[in-house]
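Here's the structure we're looking at; comments come further down.
Residue numbers start from 1 in every chain, and the chains themselves are labelled A, B, ... in the order their sequence lines are given, proteins ahead of strands.
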2 protein chains.
Amino acid sequence: MDTKTKILNAAENLFADKGFTGTSLREITSAAEVNLAAVNYHFGSKKELIKALMKRYLDVLSPELQGSLQRVMEDNENLTLEQVFEAFVEPLLTLNQLKEQGTSNFLQLLGHSYTDSQGFLRWFITTNYPGIIDNFVMAVHKAYPELSSQDMFWRLHFTMGTAVFAMSSTSALIDIAQNDFNAEVDIEGVIRRLIPYVAAGVGANTVVAG
Amino acid sequence: MDTKTKILNAAENLFADKGFTGTSLREITSAAEVNLAAVNYHFGSKKELIKALMKRYLDVLSPELQGSLQRVMEDNENLTLEQVFEAFVEPLLTLNQLKEQGTSNFLQLLGHSYTDSQGFLRWFITTNYPGIIDNFVMAVHKAYPELSSQDMFWRLHFTMGTAVFAMSSTSALIDIAQNDFNAEVDIEGVIRRLIPYVAAGVGANTVVAG
DNA sequence: TGTCATTTTAAACGCATGTTTAACTTTAGC
DNA sequence: GCTAAAGTTAAACATGCGTTTAAAATGACA
């Protein structure tokens, strides 16, 4: 395996676990068993390494997700919000194929993208992959046309917060849940519990201001 | 105003805006116009400063909130989830009285408590103010008795994530919303939009596993 | 007024971080 | 086999951080 890939793989696991700012280049290069300077030589900087890591996933996810959302919009005459959110599951789970073993860390990484690093990755994603958000808004609008654009704005951000927060703390929560309930839980299980929650939240009745 | 209070006030605003790890003691002491060493002299360490800051709010909020939740549980025979979440609003807004002007930064601080600093404040709050969570769980259970303890666990964490994330990015989102909709939004407005969302999320129908 | 505790101050300490340097090693092409 | 590019390495650099130190200033009180 070449140095670049070794770094990417080691960085992915460490970043997912401890966040971007919580992981040092020395930890990464030590786990990857390469020299410290290799990150700057191959990627230029830590920021560029993070971008490259996210790009590896987003370049696969983005077309998959847009296709999935478009399919669910075309097929259904009476589209429900649950169906919209369900459209995320399959594309997300196919990301696991990117890793030769185990499940991908993309969702945890996405979580840290929002909470770490003063949101520079938030900018990176929204400017480089705007199609994801656009299609999502369109699908939600089709499933719930009465929702005003202002309510749409807030509820989508609430939803993003819910998902992102759940994903960035997934490993800790799964540990607690398994101790408390003796029930095995994996990332897919969390996603499947998340869907009815956010679907109901986005689909809640709106109240008249007053 | 004495040095201790000057530090607390400056720290509160900076922490709320940029997070705990994102704010240095040098920024704080510079904004407070006190010497750098003053923080360690008066509080002992940065961690203790953060604790003191949260304590200033939690000592007021905790009894208020427990009272509010107990009141809403006693009065209502057919308690709804909306009512449970509504019970948070008044106690939270009374926190503004702690500041001589403007709205309190408590919710933003609470947001950062979860995302910053590898969750040491999460521990601090849950161990020092367990009554808040207990009463909350009891109220939700009364409003939605069919919810299994496992679903309760996940949905409460989703809810916490939603609220915390919304609050920690409130200032950024409010700016965007005001530009896009020309509508004035404040923290109370965000809370009032949040309530139907999380109430619907927690109250969503549960699906049988499979 | 003199004394002692409290507070403030400027400077330095120790440490960890991302990054850069310059020498060294490996690789590929002719 | 030589050469030039590509890659690797150990060391140092520059910066920012929380914290500590010891001297100076301030305050309270006899």
Side-chain angles (χ1 to χ4, degrees), chain A residues 1-56 109 112-113 115-124 168, chain B residues 1-56 109 112-113 115-124 168:
Chain A
M1 200 188 311
D2 66 336
T3 303
K4 222 167 160 175
T5 314
K6 278 199 280 189
I7 293 174
L8 280 172
N9 290 344
E12 176 178 328
N13 291 321
L14 286 166
F15 281 151
D17 211 41
K18 317 172 43 175
F20 297 118
T21 54
T23 306
S24 70
L25 292 185
R26 283 169 178 81
E27 291 178 87
I28 293 169
T29 53
S30 159
E33 294 180 316
V34 301
N35 187 273
L36 167 63
V39 169
N40 289 280
Y41 177 77
H42 286 286
F43 295 94
S45 68
K46 187 181 182 181
K47 263 191 181 177
E48 292 298 321
L49 167 64
I50 297 172
K51 282 192 199 171
L53 203 45
M54 296 306 285
K55 186 171 154 53
R56 190 162 75 158
L109 293 176
H112 292 300
S113 304
T115 54
D116 290 4
S117 65
Q118 72 269 6
F120 97 90
L121 255 172
R122 184 189 210 144
W123 166 87
F124 172 72
S168 61
Chain B
M1 198 188 308
D2 66 337
T3 303
K4 223 167 160 174
T5 314
K6 278 200 279 187
I7 292 175
L8 280 172
N9 289 344
E12 177 178 328
N13 290 322
L14 285 166
F15 280 151
D17 211 41
K18 319 172 41 174
F20 297 118
T21 54
T23 306
S24 70
L25 293 185
R26 283 166 177 82
E27 291 179 87
I28 293 169
T29 52
S30 160
E33 294 180 317
V34 301
N35 188 272
L36 167 63
V39 170
N40 290 280
Y41 178 78
H42 286 286
F43 296 95
S45 68
K46 187 180 181 181
K47 264 191 180 176
E48 293 298 322
L49 166 64
I50 296 173
K51 281 192 199 171
L53 203 45
M54 296 305 287
K55 186 172 155 56
R56 190 162 72 157
L109 293 177
H112 292 300
S113 304
T115 55
D116 289 5
S117 64
Q118 72 272 0
F120 98 90
L121 253 172
R122 182 189 211 144
W123 166 86
F124 172 72
S168 60

Legend entry - Nearest-0.5 Å distance, CG of residue A:N9 to CD1 of residue A:I28: 12.0 Å

Legend entry - Protein-nucleotide distance (A:K46, atom NZ; C:dA16, atom C1'), rounded to Å: 11 Å

Inset, instruction - For A:E48 and C:dG18, give me the distance from atom CD to atom C1', rounded to whole Å. - result: 14 Å

Legend entry - Flag, side chain of B:E27 to backbone of B:S24, donor-acceptor distance under 3.5 Å: yes

Inset, instruction - Starting from the 5' end of DNA chain C, give me the residue, B:E33 or B:L36, whose nearest nucleotide shows up first. - result: B:E33

Inset, instruction - Please determine if a side-chain N or O atom of B:S24 lies less than 4.0 Å away from the OP1 or OP2 oxygen of D:dG16. - result: no

Inset, instruction - Check whether any side-chain nitrogen or oxygen of A:T3 sits under 4.0 Å from OP1 or OP2 of D:dG7, and answer yes or no. - result: no

Inset, instruction - Mind checking the CZ-CG spacing from A:F20 to A:L53? Nearest 0.5 Å is all I need. - result: 6.5 Å

Legend entry - Whichever of A:E27 and A:G44 has its nearest DNA chain C nucleotide further upstream toward 5': A:E27

Legend entry - Distance-only donor-acceptor test (3.5 Å): side chain A:R26, base C:dG18: yes

Legend entry - Euclidean distance, atom CG of residue A:N40 to atom C1' of D:dT9 [Å, nearest integer]: 14 Å

Legend entry - Minimum-distance nucleotide to B:A37 side chain [options: D:dG18, C:dT19, C:dA10]: C:dA10

Legend entry - Integer-rounded Å distance: D:dT21 P and B:Y41 OH: 15 Å

Legend entry - Rounded distance in Å - CE (B:M1) to C1' (C:dT8): 18 Å

Inset, instruction - Could you tell me whether the phosphate oxygens of C:dT8, OP1 or OP2, come under 4.0 Å of any side-chain nitrogen or oxygen in B:H42? - result: yes

Inset, instruction - Look at atom NZ of A:K6 and say whether more than 12 heavy atoms of other residues, nucleotides or ligands are closer to it than 6.0 Å. - result: yes

Legend entry - N/O (side chain, B:N35) to phosphate O (OP1/OP2, C:dT7) under 4.0 Å: no

Inset, instruction - Let me know the distance between CZ of A:F43 and C1' of C:dT20, rounded to the nearest Å. - result: 18 Å

Legend entry - Whole-Å distance separating the NZ atom of B:K6 from the P atom of C:dT7: 14 Å

Inset, instruction - For B:T29, report the nucleic acid contact type (base, sugar-phosphate, nothing); a contact means any heavy atom under 4.0 Å. - result: nothing

Inset, instruction - Check A:V34, A:T3, A:I7 against A:V39 for a side chain to side chain contact (heavy atoms under 4.5 Å, CB included) and give me the one that passes. - result: A:I7

Inset, instruction - Grab the CD1-P distance between A:I50 and C:dT19 for me, whole Å please. - result: 10 Å

